[in-house]
Number of protein chains: 2
Amino acid sequence: MASDAHTYTDTDTDGFDGLAFDVFSRACPSRSTLEHVTGRWGGLTIGALYEESLRFNELRRRVDGVSEKMLSQTLHALERDGLVLREAQPVNPPRVDYELTPFGREVAEKLLGLIHCVEGRMDEVLASRARYDEARGGR
Amino acid sequence: MASDAHTYTDTDTDGFDGLAFDVFSRACPSRSTLEHVTGRWGGLTIGALYEESLRFNELRRRVDGVSEKMLSQTLHALERDGLVLREAQPVNPPRVDYELTPFGREVAEKLLGLIHCVEGRMDEVLASRARYDEARGGR
DNA sequence: CCGCATCCCCAAGGATACTG
DNA sequence: CAGTATCCTTGGGGATGCGG
């Protein structure tokens, strides 16, 4: 049942004309990991965990808008890919901490680089949008 | 017609409730740009354009699996955000070139950094997945 | 508190046909 | 070639309820 978040869409593996790892190909295995990382919630989750190790509900509060289900799914996919470490402590009430693995931290840094790059240029983006919308009136 | 027929369907709720720039917040305007960049087709499109300027159908062939509709939508979103430049030449048959803006190239570099980081560690990822799946049997 | 299972709906997105 | 308009399907993902 953990099967949905990572179906590799191996629909047409017929080709393979010698290029094993082409990110642009549907069959490329890294594409699924990339999707987990850059997906709607993956990036935000990783970003949150980069700052500090967090528990499930802390994470849920930090990542604004994520549902319990999606957070759970996201964490599983990231854990499976080796980006996140899940540490369940056998206490009562249950306590589970999530933290990034070294690989996860590396990915997080790249990701944060991207985020800051975009954030630092948001004024440009906003201006560009205004221009674009202007040019095509109220359509 | 149309007001919302092709509003690029983002959940661009850039509401601007006057709050600061917290990427983790739903209201953060950069989140929508990030989604365009890291979305299913955004990243691959940018990646393809980083290598060379391309025409519509060249792009379509390069980005394996993208439909005409989605490519069109993606390009519009990226153009609007100021990441992609659209150059239509008034010739017959029509010729339109897409290329990255300087900002687009900057973003592309960050993105490629991420991609290479992940690709370079795919063996780890695959191993981690195997371990994970092992641990929870054939479920 | 942690989180899986179920139901269900809506919008992302694929296929197709058509225009300039 | 370079798209737009339309229809239709699929699964992403929200809401809720239960079990450990």
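Note: hydrogens, waters and symmetry copies are ignored here, and every other heavy atom, side chains too, is used. Please read all numbers here as calculations on a predicted model, not as lab measurements. Residue numbers start from 1 in every chain, and the chains themselves are labelled A, B, ... in the order their sequence lines are given, proteins ahead of strands.
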Could B:Glu58 and B:Arg61 be called an ion pair, given the rule that one side-chain N must be under 4.0 Å from one carboxylate O?
-> no
Can you tell me how far P of C:dC1 sits from OH of A:Tyr98, to the nearest Å?
-> 15 Å
Minimum-distance nucleotide to A:Ser72 side chain [options: C:dC2, C:dC4, C:dC1] = C:dC4
Within 45° of the six-membered ring axis of A:Tyr50 and under 6.0 Å from that ring's centre, is NZ or CZ of A:Arg105 located there?
-> yes
Using only side-chain N and O atoms of B:Arg95, determine if any of them is under 4.0 Å from OP1 or OP2 of D:dA2.
-> no
Between C:dC2, D:dG3, C:dG13, spot the one nearest the side chain of B:Met70, thanks.
-> C:dG13
Which heavy atom in B:Pro29 sits nearest to a heavy atom in A:Arg129, and how many Å separate them?
-> O-NH2, 4.3 Å
Whole-Å distance separating the CD atom of B:Gln73 from the P atom of C:dA15 = 15 Å
Between A:Phe56 (CZ) and C:dG3 (P), how many Å, whole number?
-> 6 Å
Please state how far atom NE2 in B:His36 lies from atom P in C:dA12, giving the value in whole angstrom units.
-> 10 Å
Report yes if at least one side-chain N or O of A:His76 is closer than 4.0 Å to OP1 or OP2 of C:dG3; otherwise report no.
-> no
For A:Asp64 against B:Phe24, the heavy-atom pair lying closest together = CB-O, 3.0 Å
Taking the side chain from A:Arg80 and the backbone from B:Ser128, do they hold a donor-acceptor pair closer than 3.5 Å?
-> no
Rounded to the nearest Å, what distance is computed from the CG atom of residue B:Leu71 to the P atom of nucleotide D:dT4?
-> 11 Å
Base, sugar-phosphate, or nothing: which does A:Arg60 touch, judged by heavy atoms less than 4.0 Å apart?
-> nothing
Counting just side-chain N and O atoms, does B:Asn92 come under 4.0 Å of either OP1 or OP2 of D:dC1?
-> no
Short N-O contact, B:Glu106 and A:Arg121, less than 4.0 angstrom | yes
Test side-chain contact (heavy atoms from CB on, under 4.5 Å), reference A:Ser72, set A:His76, A:Glu68, A:Met70, output is A:His76
B:Arg40 has its side chain closest, among C:dG3, C:dG13, C:dC2, to C:dG13
Atom-to-atom span, CZ of B:Arg26 to C1' of D:dG13 - whole angstrom = 13 Å
Just how far, in rounded Å, is P of C:dG13 from CD of A:Glu35?
-> 10 Å
Separation of atom CG in B:Leu44 from atom P in C:dG13, rounded to whole Å = 12 Å
Nucleotides 15-20 of chain D: protein proximity per nucleotide (B base, S sugar-phosphate only, - neither; heavy atom, under 4.0 Å) = B-B--B
